[in-house]
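Let me begin by presenting the structure, written as structure tokens, before commenting on it.
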There are 2 protein chains.
Amino acid sequence: MAAKRSGGQSKQSERKVPPPSGPEPRSDQPLSLQRIVATAVELLDSEGIDGLKMRRLADRLGAGAMSLYWHVGSKEEVFDLALDSVLAYNGPAPIDASEDWRGEVVHMLKDWRAGMLRHPWSAALLPRRALGPNILFRLELLSSTLSRAGVADADLNVAIWSLWNYVIGATTTRASFDLSDDDRAAAQQRLTSLSEHYPTIERSRLLLDNDWDGAFSKGLDFLLDGLVPKQ
Amino acid sequence: MAAKRSGGQSKQSERKVPPPSGPEPRSDQPLSLQRIVATAVELLDSEGIDGLKMRRLADRLGAGAMSLYWHVGSKEEVFDLALDSVLAYNGPAPIDASEDWRGEVVHMLKDWRAGMLRHPWSAALLPRRALGPNILFRLELLSSTLSRAGVADADLNVAIWSLWNYVIGATTTRASFDLSDDDRAAAQQRLTSLSEHYPTIERSRLLLDNDWDGAFSKGLDFLLDGLVPKQ
DNA sequence: ACCTGAACACCGTTCAAGT
DNA sequence: ACCTGAACACCGTTCAAGT
């Protein structure tokens, strides 16, 4: 009878975003795309990608189960909209005059990764869907900054894809390791017990080092070293 | 009775497995984990990740719908086993004496990527699951090769993760672009129509260049340049 | 030991119908 | 224009039961 797993929300919902400035979310508020998407993000944050069910989403909105289908074509569309809404870039656009292109690139990529880690379901979704305007804006910003840094047009494509790949790979991996503490502990234990077969992995402490942020930064530095050699 | 969408198999099933000939499942061969996993891979290859249903899998095996549950605990376990079975490394182990560490690394990573692209559902699955023995073996091989190349133990962790991230990101992205020609064409059209807002992306031909293999190689070269600077 | 059908508790979505 | 409940066609899994 009581809510099944309503306790799970405590982690991330510290945010006090009551949509832009509107009144409090009440159950008799009319439905709208905005409210649907915002609530979908909340639900995804607290219940994970498999936790988004149309019926549950409608429930949270205080609406009848099928009301959503007037505003939205399908569940897939909800995913697309939720994903895009989470990728908005609010940081400062790089200044054309700035000489610190590298600092700007690092900042943009860290911000991108941090945003996705705040919504751990988003990273795995991103490479599977058409690119929305928010992520395209981020790619455009990245491209123009790299271009100013001296990357030739002919290399720009490869440079962008390399950074994209690195960020997507790092973030999906990190997010999934984050999901289940139990699974992770079990995996580590299992690995340690097998580690005689994997001596080099053991030596490098591959799965034992928890400094994900540091590893991301260092790897990114190496990649940028390769993409735009220091001279 | 008749197969629903058996036409979808034409792409990848060049393999000469005799079973898939008649609409009605063949023999009264006994069920086994091996057969279940092999058939699951077939099904995933032809129908995609959402196409794997326990009932359909049992059907293809000529078994009653619920028989699988004696061999397997859950659908999740089928995913884990199918994924691991696809990641086996058959290539030559690197020779300790070889000086061409870089060629070996490139070969191992290309082989890894190619294997996953042969089973387009696998890349997205990999970062979400515990690491199985086959992928651990690949990581161990990679680690020891990099170690011989002169990467310090303190940097090995970052180096492996960077390469992991790059391969995972590149492969999930490429595999998803491969899935639906229609979606892709639509996305490109949409992008072109919006391209006035994204001049640098347009200039770099970011989404128009189809040379995925070349882009993967070049980006990997840049990354390796950064990880192990030429001297 | 191995396999099975019936049954349960779901889900996304269609549809005719309400206001 | 906006919302709704009933209903359909699924799906993973449990279970008591068969051989």
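Each chain gets a letter, A, B and so on, in the order its sequence line appears, and its residues count up from 1. Values reported hereafter were calculated over all heavy atoms of this structure, with side chains retained and with hydrogens, waters and symmetry mates removed.
Rounding to the nearest 0.5 Å places CG of L117(B) at 10.0 Å from OG1 of T172(B). In this structure, W112(A) CH2 and K110(A) NZ are separated by 15.5 Å, a value rounded to the nearest 0.5 Å. For the atom pair L146(B) CG and M108(B) CE, the distance stands at 7.0 Å (nearest 0.5 Å). Rounding to the nearest 0.5 Å places CG of L87(A) at 7.0 Å from CE of M116(A).
In this model, no donor atom of one side chain and acceptor atom of the other lie less than 3.5 Å apart for N165(B) and W161(B).
Residue contacts shown for L52(A) are limited to sugar-phosphate atoms, with no base heavy atom under 4.0 Å away.
Taking atom CZ of residue R56(A) and atom P of nucleotide dG12(C), one finds them 10 Å apart after rounding to whole Å. We find that CD of E77(B) is positioned 14 Å from C1' of dT13(D), with the value rounded to whole Å. The interatomic distance linking F79(A) (CZ) with dT13(C) (P) rounds to 10 Å, in whole Å. One atom, CG of D59(B), and another, C1' of dG5(C), lie 14 Å apart when rounded to the nearest Å. In this structure, M54(B) places its CE atom 21 Å from P of dC8(C), rounding to the nearest Å. One interatomic measurement links the two molecules: CD of E76(A) to C1' of dG12(C), which rounds to 11 Å at whole-angstrom precision. Distance K53(B) NZ to dC11(C) C1': 12 Å, rounded to the nearest Å. Atoms CG (D50(B)) and P (dC11(C)) sit 16 Å apart, rounded to a whole Å.
Rounded to whole Å, the separation between the C1' atoms of dA17(D) and dC2(C) comes to 13 Å.
Counting only Watson-Crick and G-U wobble pairs whose two key distances fall under 3.5 Å, DNA chain C forms stems of three or more stacked pairs at C:4-8 with D:12-16, C:12-16 with D:4-8.
Between G219(B) and S162(A), the closest heavy-atom pair is CA-OG, 3.3 Å.
Side-chain atoms of L83(A) and L126(A), non-hydrogen and from C-beta on, do get closer than 4.5 Å to each other. With a 4.5 Å cut-off on side-chain heavy atoms, P199(B) and E140(A) count as touching.
Annotation: cation-pi pair R113(A)/F216(A) present, NZ/CZ under 6.0 Å from the ring centroid and within 45° of its normal.
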Please list, pair by pair, any protein nitrogen or oxygen found under 3.5 Å from a nitrogen or oxygen in nucleotides 1-4 of chain C.
residue	atom	partner	partner atom	Å
dC3(C)	OP1	L31(B)	N	3.3
dC3(C)	OP2	H71(B)	NE2	2.4
dT4(C)	OP2	G64(B)	N	2.6
dT4(C)	OP2	S67(B)	OG	2.1

